[in-house]
Amino acid sequence: MRWLTLYARSRQVPAALAALLVGAASAWALARDGGGGPADPRLPLLVLAVGAMAASTGFGGQDPALDRTAAIRWAPRRAAHVLLAGAVVAAVPLCTPTAGADLAGVAFVVRDSAGLLGLGALGAALWGGSYAWTLPFAWLAYAFFAPPPTGVPTRVAGWLLLPAGAPAATWTALALAVTGTVAYAAAGPRR
């Protein structure tokens, strides 16, 4: 076997892809039933969050000691893993017409995918791969149940549901994506 195949299997990539596709199919079924209205960004956000949570559980390997003692440089591979996962998570709702670009727009999907994967990478660096999903889940729960944002702090906290052109949402997603990717690439998953 090649190292890329082994890496993908050790990081639960097939299971993460299956969870992402099930999430996209569920959102498509909800959109067909009229859930949320014509321009509701919650369905594509739900697909993105499911994909980010599934991908982030694979940010920790099966054997942390083996990862730390390997003779290869892990930082570029970890950063590439986060970036590739973000691209795949963003691509799925964009390829599903009723759950992606039609409801939210490409900029919204790309921004939220980057921010959510940054949160997952930060969660892996802080708590390990098995609990990396908690940060994207917590921020999603806040965004779904918080009152509409009025000031800058609440706009930063509620960035997930803001429109694509909102500067607070864009900068928050960018900061989370960069911080999470750098932390995960440099430190790796916590043991």
Side-chain angles (χ1 to χ4, degrees), residues 19-20 23-24 26-28 30-31 33-57 59 79 82-83 85-94 96 98-187 190:
L20 177 60
S26 301
W28 177 76
L30 288 172
D33 289 339
D40 188 9
R42 290 181 293 172
L43 285 176
L45 177 59
L46 191 59
V47 173
L48 292 171
V50 167
M53 288 185 280
S56 64
T57 59
F59 288 158
V82 174
L83 296 175
V88 170
V89 167
V92 168
L94 291 176
T96 310
T98 57
D102 290 350
L103 294 179
V106 175
F108 176 88
V109 170
V110 170
R111 179 197 73 197
D112 282 9
S113 173
L116 285 168
L117 263 296
L119 279 171
L122 185 61
L126 293 175
W127 300 301
S130 59
Y131 296 111
W133 60 272
T134 56
L135 279 178
F137 178 78
W139 217 308
L140 175 74
Y142 174 80
F144 269 28
F145 298 111
T150 55
V152 173
T154 56
R155 291 179 71 77
V156 167
W159 67 275
L160 281 169
L161 288 173
L162 290 178
T170 303
W171 286 107
T172 303
L174 183 63
L176 290 172
V178 169
T179 303
T181 303
V182 168
Y184 174 68
R190 185 172 180 205

Would you mind writing out the side-chain donor-acceptor pairs for residues 157-173 within the sub-3.5 Å range, not counting sequence neighbours?
from: Thr170; atom 1: OG1; to: Ala166; atom 2: O; distance (Å): 3.1
from: Thr172; atom 1: OG1; to: Ala168; atom 2: O; distance (Å): 2.6

Next item on the list: Starting at CG of Leu48, measure out to CZ of Phe108 and round the result to the nearest 0.5 Å.
Entry: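 Reported to 0.5 Å precision, the distance equals 7.0 Å.
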
Is any side-chain heavy atom of [X] closer than 4.5 Å to a side-chain heavy atom of [Y]?
{"X": "Leu140", "Y": "Leu46", "result": "yes"}
{"X": "Leu122", "Y": "Leu135", "result": "yes"}
{"X": "Val109", "Y": "Val47", "result": "no"}

Margin query: Taking side chain to side chain contact (heavy atoms under 4.5 Å, CB included) as the definition, give me every residue that meets it alongside Ala177, ordered by chain and number, with sequence neighbours left out.
Written below: Ala114

Margin query: If the condition is side chain to side chain contact (heavy atoms under 4.5 Å, CB included), which residues does Ser56 pass it with, not counting sequence neighbours?
Written below: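 Ser56 satisfies side chain to side chain contact (heavy atoms under 4.5 Å, CB included) with Phe59, Ala132, Trp133 once adjacent residues are dropped.
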
Margin query: Please find the pair of heavy atoms, one from Ala121 and one from Thr181, that lie closest to each other, and give the distance.
Written below: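 Ala121 and Thr181 have their closest heavy atoms at CB-N, 4.1 Å.
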
Check: How far apart are the closest heavy atoms of Leu116 and Ala52, and which atoms are they?
Finding: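 Nearest heavy atoms, Leu116 then Ala52: CB-CB, 3.7 Å.
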
Note to self: I'd like to know if the side chain of Thr179 and the backbone of Leu176 have a donor-acceptor N/O pair within less than 3.5 Å.
What the structure shows: no

Notebook entry, point to check: Taking the side chain from Ser113 and the backbone from Gly86, do they hold a donor-acceptor pair closer than 3.5 Å?
Noted result: yes

